[in-house]
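Okay, structure first, notes after.
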Amino acid sequence: MSPQSFEFHLPLSPEDLLKSGSVNQYVVQEVLPIKHLSSQLRAFQSAFRAHGPLAMLEHFDTIYSILHHFRSIDPGLKEDTLEFLIKVVSRHSQELPSILDDATLSVSDRSAHLNALKMNCYALIRLLESFENATNQTSLICLDVGGKGKKARAKAALGFDWEEERHSVLQLLTQLLQLNVRHLWNHSVIEEEFVSLVTGCCYRLLENPTIGHQKNRTTREAIVHLLGVALVRYNHMLSATVKIIQMLQHFEHVPSILVAAVSLWATDYGMKSIVGEIVREIGQKCPQELSRDTAGAKGFAAFLTELAERIPAILMSSMCILLDHLDGESYMMRNAVLAAMAEMILQVLKGDQLEETARETRDQFLDILQAHGHDVNSFVRSRVLQLFTRIVQQKVLPLTRFQAVVGLAVGRLADKSVLVCKNAIQLLASFLANNPFSCKLSDTDLAGPLQKEIQKLQEMRAQRRTTVASAALDPEEEWEAMLPEVKSTLQQLLQLPQEEVDQPIADTETAEEVQGRIRKLLAKASYKQAIILTREATSHFKESEPFSQTDPEENSFLNLLEIIFKGPAASTQRSHGDTAPGQTDSKDSPSVSEPEGSQKDDELVKQEMLVQYLQDAYSFSQKVTEAIGIISKMMYENTTTVVQEVIEFFVMVFQFGVPQALFGVRRMLPLIWSKEPGVREAVLSAYRQLYLSPKGDSARATAQALVHNLSLLLVDASVGTIQCLEEILCEFVQKDEIKPAVTQLLWERATEKVPCSPLERCSSIMLLGMMARGKPEIVGSNLDTLVTLGLDEKFPQDYRLAQQVCLAIANISDRRKPSQGERLPPFRLPQEHRLFERLREMVTKGFAHPDPLWIPFKEVAVSLTYQLAEGPEVICAQMLQGCAKQALEKLEKDGAEEDPKEVAPMLPTFLLMNLLSLAGDVALQQLVHLEQAVSGELGRRRVLQEEREQRTKDPKEKSTSSETTMEEELGLVGATADDPEAELIRSICEKELLDGDQLLAAFVPLLLKVCNNPGLYSNPDLCAAASLALGKFCMVSATFCDSQLRLLFTMLEKSPLPTVRSNLMVATGDLAIRFPNLVDPWTPHLYARLRDPAQQVRRTAGLVMTHLILKDMVKVKGQVSEMAVLLIDPVPQIAALAKNFFNELSHKGNAIYNLLPDIISRLSDPEGGVEEEPFHTIMKQLLSYITKDKQTESLVEKLCQRFRTARTERQYRDLAYCMSQLPLTERGLHKMLDNFNCFGDKLLDEAVFSAFLSVVGKLRRGAKPEGKAVIDEFEQKLRACHTRGMDGIEELETAQGGSQRALSAKKPSAVSRQQPLASVDSDNDFVTPKPRRTNPRRPNTQQRKSKKKAKVVFSSDEETSEDELLAEMTEEETPKRTTPIRRASARRPRS
């Protein structure tokens, strides 16, 4: 077929070129074999050199054959073909401009060039795609193989670097399309197939996931430019839009690539309309379909979001099309539309110079954003808060919106979603950092200026009103204004005959009333009627002023009208003859006051703006204060990221001077003990930022600011706060973050080298002591200095300073029990050291003075003596003897002065209190000293002795001892090798410390006498000291403790003093840890204090019981319901303590699940339970810890069975409420259906029925389609029972007929719920139905019958199914210590 006689049709598939089509259609004659391809390619090259690009018309079959055999041919031939085709197309593109401009070009030549163009482009593009496919396959193989050299392997497979060549091919195609090749077609209408051939290749390249890699950047740019040319020159917009939509739906990597392309086309190529077309296609997508097509929604959302970031101004005109997606189900699309709006606000709709339409658009966008802050989806709410954060950070939020958006953020702090709460905190932090009001946002500081300026504004307004009233249009001026018209009207009427007035003068009307009518007519500009009425009045009231003096002439009539209009004042003025000066003044005054009036108006406007500014600042400050209260409660959330955000927020709030921020800064202190490294580091970072980086011109000024800030934290700080701060300072000191200048300043303030108050001096010593924890040498090197400044003899003695000095000195040694691996002896000071001499003197001399600070000081002094002194018992014995001697001397002195026959000698109360308190402290510290220091030292010496003996042993003995040691390590030796030191110390405590010959024993009778006679010794402070001392004495010996427990618990229960009960609660808690077997029978008395009327006692009891239960030191019995009651305590701190207890208990395996039946039973008991509303609050909290499906199913079954034994309607309602709070699943629903007869007759009660309906609602929300039938069946049963009782069930089953019987045939277990409600007389009625099982199981040998009980009891009084055994622990497996809990398996052990 000659080149001039055929037409090349671009095929849909390569095989189409082998088929004969229409007349003159080009058909490939022969697919050449591989062996001839090289020679034929050389022939083509020769023809090209001879005939140019038209040689393709003769040799297309050669190129087609190469493409056909592409996978099989040699890489060298592939490379030669590509290189040659590039040369052919390049040559053709160079020749085409002259050919296209040739007006004499014949039809045959044009057809030849057109066919050559299509053949060349088809061949080049097919070759490009073949190389691309081969590269992708090679990449996949390399991906499987892994390792280095992937690029080298790919290059070896093709023979060259394809990525470099691909770019040149795309550039060549772009260059070709930029020519006016449309002239080669008839009527210059280019065929769509040719454009699709080129663009289709581009889209297929974009579908490759690797196209987004950085190495392919040049290829991406070339594709985008090529498609841009097609859009501009070849009307490709419709096809491009459709293809882009398809790609966004199916390829997740293309959104960012297509955004770059579309933004380039819209800006550089001027194709803004394509943005509207694409957005229109997305906007027309059905929201319901997008909710199912998550991949498509994700692609569209990413595309819109990024497009808005790049070209928001162009996209804004199409936003109305996307608004329907804000009401759709796809949250990703809602997020995308909202993000696009935010970008337009950030980049386009910003500034104060916006036009009215732009301002309205901005306000609409902000309204939509605010509305979606309450979206049903948490991701949308979170996204809205993130967008507002950006808007606030870039300062484009209008001031009028501040309060509304701050209110939105504060409201979202209570959101259930952790992510929303986190973003709400970030938004509030951004508001603080970018607020336009002030760098200090204290509402108390702002309230004063606000009130002052409001008062000033009110005064200015009042003055303005007065001025306006006085400056209102004067009647004189008004008359002057109307005079010309009145005069002309009068002249006309004088010439005409007299007319009658519309409303003639009535007989009863007076002259004053007529004057008023005339005045109103003149004011309305009804001059004619006014003049006519005046005429009539002159004849009607001839004797009445002012009508009596009127002449008929014009001037006299005008004067009369003037007098009437101006009122009586005018006549007075006229009579005095000062009308002219008055007129002059009225004319001159406006010219003088005009500048003053405008100036006052400006001042008023400025004052209004100032008040509005202060009002906004005050409102913003109040919102921040409100947020602080909410955010501070989130500080102990389980989510680490939220806690970190809260900490950062309080740092920022503190820096802005909000007074309540200090509360949050202190509240975060306990988080230093957090097990989460991120939280601990956040606290350290916060305090580092707040306190270690103060502003100062010099190192000295910086140190002063730092010390001042830290001292403020110590004001009114609790012991816990001080311990936390000590840990933080210790960390900073160990990392050398506290500069020496700070330490130097603290010593200068402590030694009074710089002037400071006594409180500042005391806080400096406290800070030095805290820092000594990290570096003991800070205090150790200046020990004598501290003793001198704090413990020197002076009058009066400063016991607060002395106490802080003792605490600081105590930090130079480690207080922990030394381990047996220690080689060096512990740090001790000799008895003769000046420190102990001064301590002994201060304790004994202060004993006789009634100073309340002496008691805490002597406690610290005794503790320090036992911690640092060699033989501390000798020093403390001297203290005790000295104080006792003073008491006896005082007693003898008073006895000698008074008549012994009349009154027994009396000892001052404070002396007795001080003596008993000191004895208790010595007893407790002696015990601690023996068990820690002495026991540790004995153990250390024993280990050293054993090591010395080991070195002197023979080799045979060594091998024997090593075997023994190995056995001990493996636990093969029994408990014979108990700690010998502990046994010795125990023996000393039991037999010697409180023995009759010991010093401490001498105080026991006195102590018991005071405690046994509260009526005789009724002083509150004495009772508190005696009870505490008794508790400390009981800690020493088990024998003494056992003998005095009854006295302790009697005082705990019956003492009228809350302080005594609180102290004894702590003491008995310690005794429960030291002597658990002795205290165990008294455990109910400990639980009883949880209902103490005094909140101080309840709080202490809650703390003590929390520690005892969580450490497994007391058995968790049914009385734990008393802890549950604390959840509704009116004191928030106690309720928070109880909530924290159950949070921790929920981590201990099945603990709460096992306790719940007893708790429900006790709390719903009509005799000793709680009210209905508090019961709901408690159970809602407790049931939230039930998360395992097996636990839920077991509880459902138990609760259903309890309906049978419930006695009152209140108990029915309580049980139903508990059922409604459980996280029920489909299996739980089946359990309820199986046990329907247990509660069916109770559904007549409205509250019970409502609770079960709420269960149905919860089940429907997450139900699968196949489970909805069961839910419907359950709901029908509920409604039938509610309306007609249990008879309704029978009617329902009769109506259902055979279908119900068929269902029961499929489910044998359903028979149980079709049986009528049985009598309650038999014990067998309380047996839990056996679960349905398909696999055989052994009979349960642990079944036992339940006993009838008068009240609702949930203990395991019923048959236990195997499913329950999997969720409960057996008695043997109940942990006595904190160990992992194992579940008892009900399966038969393998033999």
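- Interatomic distance, CE of M1065 versus CG of L1086, reported as 4.5 Å (0.5 Å rounding).
- When every heavy atom of P1093 is checked against every heavy atom of R1098, the shortest pair comes out as O-NH1, 3.2 Å.
- Annotation for N1154 and P1157: closest pair O-CD, 3.7 Å, computed over non-hydrogen atoms.
- Contact detail for P1084 and Q1119: the closest heavy-atom pair is CG-NE2, 3.5 Å.
- A donor-acceptor pair is defined here as one N or O able to donate and one able to accept, closer than 3.5 Å; no such pair exists between the side chain of T639 and the backbone of V642.
- Within 6.0 Å of CZ in R1213 there are more than 12 heavy atoms belonging to other residues, nucleotides or ligands.
- Annotation: the span from T1106 atom OG1 to L1145 atom CG amounts to 9.5 Å, rounded to 0.5 Å.
- Nearest heavy atoms, L1163 versus A1124: CD1-CB, 4.3 Å.
- When each of M1232, K1231, M1219 is checked for a side chain to side chain contact (heavy atoms under 4.5 Å, CB included) with L1199, only M1219 meets the rule.
- A salt bridge links R1260 and E1275; the closest N-O separation between the charged side-chain nitrogens and carboxylate oxygens is under 4.0 Å.
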I would like to know whether T1192 and T1225 meet side chain to side chain contact (heavy atoms under 4.5 Å, CB included); could you show each step before the answer? CA-CA 8 Å; T1192 303; T1225 59; 5.9 Å; no
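- Residues I1109 and V1114 form a side-chain contact, since some pair of their non-hydrogen atoms from C-beta on lies under 4.5 Å apart.
- The closest side-chain heavy-atom distance from E1193 to L1224 is not below 4.5 Å.
- Side chain of S674 to main chain of E676: a donor-acceptor pair is present (N/O by atom type, distance under 3.5 Å, no hydrogens or angles).
- Contact of the Y1087 side chain with the M1105 side chain is registered, since non-hydrogen atoms from C-beta on lie closer than 4.5 Å.
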Before you tell me yes or no, could you show the steps for Q1221 and I1186 under side chain to side chain contact (heavy atoms under 4.5 Å, CB included), namely the whole-Å CA-CA distance, both residues' side-chain angles and the distance that decides it to 0.1 Å? CA-CA 10 Å; Q1221 294 303 309; I1186 303 299; over 6 Å; no
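- The 12-atom threshold is exceeded at CD of E1172, counting heavy atoms of other residues, nucleotides or ligands nearer than 6.0 Å.
- Aromatic pair Y1185/Y1153: centroids not less than 6.0 angstrom apart.
- Between L1156 and L1195 the shortest heavy-atom distance is CD1-CD1, 3.9 Å.
- R334 places a side-chain N or O within 3.5 Å of a backbone atom of G328 that can act as its donor or acceptor partner.
- In this structure, M635 and I631 have side chains that are not in contact, with every pair of non-hydrogen atoms separated by 4.5 Å or more.
- A 4.5 Å side-chain heavy-atom check between F1141 and V1120 finds at least one atom pair inside the cut-off.
- To the nearest 0.5 angstrom, N1235 atom CG is 13.0 Å from H1230 atom NE2.
- When atom types are taken as modelled, the side chain of N1140 and the backbone of A1136 share no donor-acceptor pair closer than 3.5 angstrom.
- Using modelled atom types, no side-chain atom of E1273 and backbone atom of A1269 make a donor-acceptor pair closer than 3.5 Å.
- Outside the 6.0 Å centre-distance limit, the rings of F1249 and F1252 are not counted as a close aromatic pair.
- Scanning both residues, A627 and V410, for their nearest heavy atoms gives CB-CG2, 4.0 Å.
- At least one donor-acceptor pair closer than 3.5 Å links the side chain of S1254 to the backbone N or O of A1251.
- Remark: L1233 CG to K1277 NZ distance equals 6.0 Å, nearest 0.5 Å.
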Could you walk me through whether D375 and R383 pass the salt bridge (Lys or Arg N to Asp or Glu O under 4.0 Å) check? CA-CA 10 Å; D375 197 282; R383 184 66 172 145; over 6 Å; no
Side-chain donor-acceptor contacts of residues 414-423 below 3.5 Å, not counting sequence neighbours, with atom names and distances?
| from | atom 1 | to | atom 2 | distance (Å) |
| --- | --- | --- | --- | --- |
| D415 | OD1 | R381 | NH2 | 2.9 |
| D415 | OD1 | S417 | N | 2.8 |
| D415 | OD2 | R381 | NE | 2.7 |
| D415 | OD2 | R381 | NH2 | 3.3 |
| D415 | OD2 | R412 | NH1 | 2.4 |
| S417 | OG | L419 | N | 3.3 |
| S417 | OG | V420 | N | 3.4 |
| N423 | OD1 | Q386 | NE2 | 3.4 |
| N423 | ND2 | S382 | OG | 2.5 |
| N423 | ND2 | L419 | O | 2.9 |

Stepwise side chain to side chain contact (heavy atoms under 4.5 Å, CB included) check, L1183 with C1218: CA-CA 8 Å; L1183 290 169; C1218 292; 4.0 Å; yes
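- Contact of the R1204 side chain with the F1239 side chain is not registered, since no non-hydrogen atoms from C-beta on lie closer than 4.5 Å.
- For the atom pair SG of C1238 and CG of D1234, the computed distance is 10.0 Å after rounding to the nearest 0.5 Å.
- The closest side-chain heavy-atom distance from L1127 to K1139 is below 4.5 Å.
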Test salt bridge (Lys or Arg N to Asp or Glu O under 4.0 Å) applied to R1162 and D1165, step by step: CA-CA 5 Å; R1162 287 171 179 268; D1165 183 15; over 6 Å; no
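- Cation-pi geometry between K1242 and Y1212 is met: under 6.0 angstrom from the ring centre, within 45 degrees of the axis.
- The CD atom of E329 lies 11.0 Å from the CG atom of D327; values are rounded to the nearest 0.5 Å.
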L1229 vs V1255, side chain to side chain contact (heavy atoms under 4.5 Å, CB included): CA-CA, chis, key distance, verdict: CA-CA 9 Å; L1229 176 60; V1255 170; 5.8 Å; no
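- In E1171, the CD atom is not crowded: 12 or fewer heavy atoms of neighbouring residues, nucleotides or ligands sit closer than 6.0 Å.
- With hydrogens and angles disregarded, a donor-acceptor distance shorter than 3.5 Å links the side chain of Q1211 to the backbone of T1208.
- The shortest side-chain heavy-atom distance between V643 and M634 does not fall under the 4.5 Å cut-off.
- Distance alone, capped at 3.5 Å, is enough to place a donor-acceptor pair between the S1164 side chain and the I1160 backbone.
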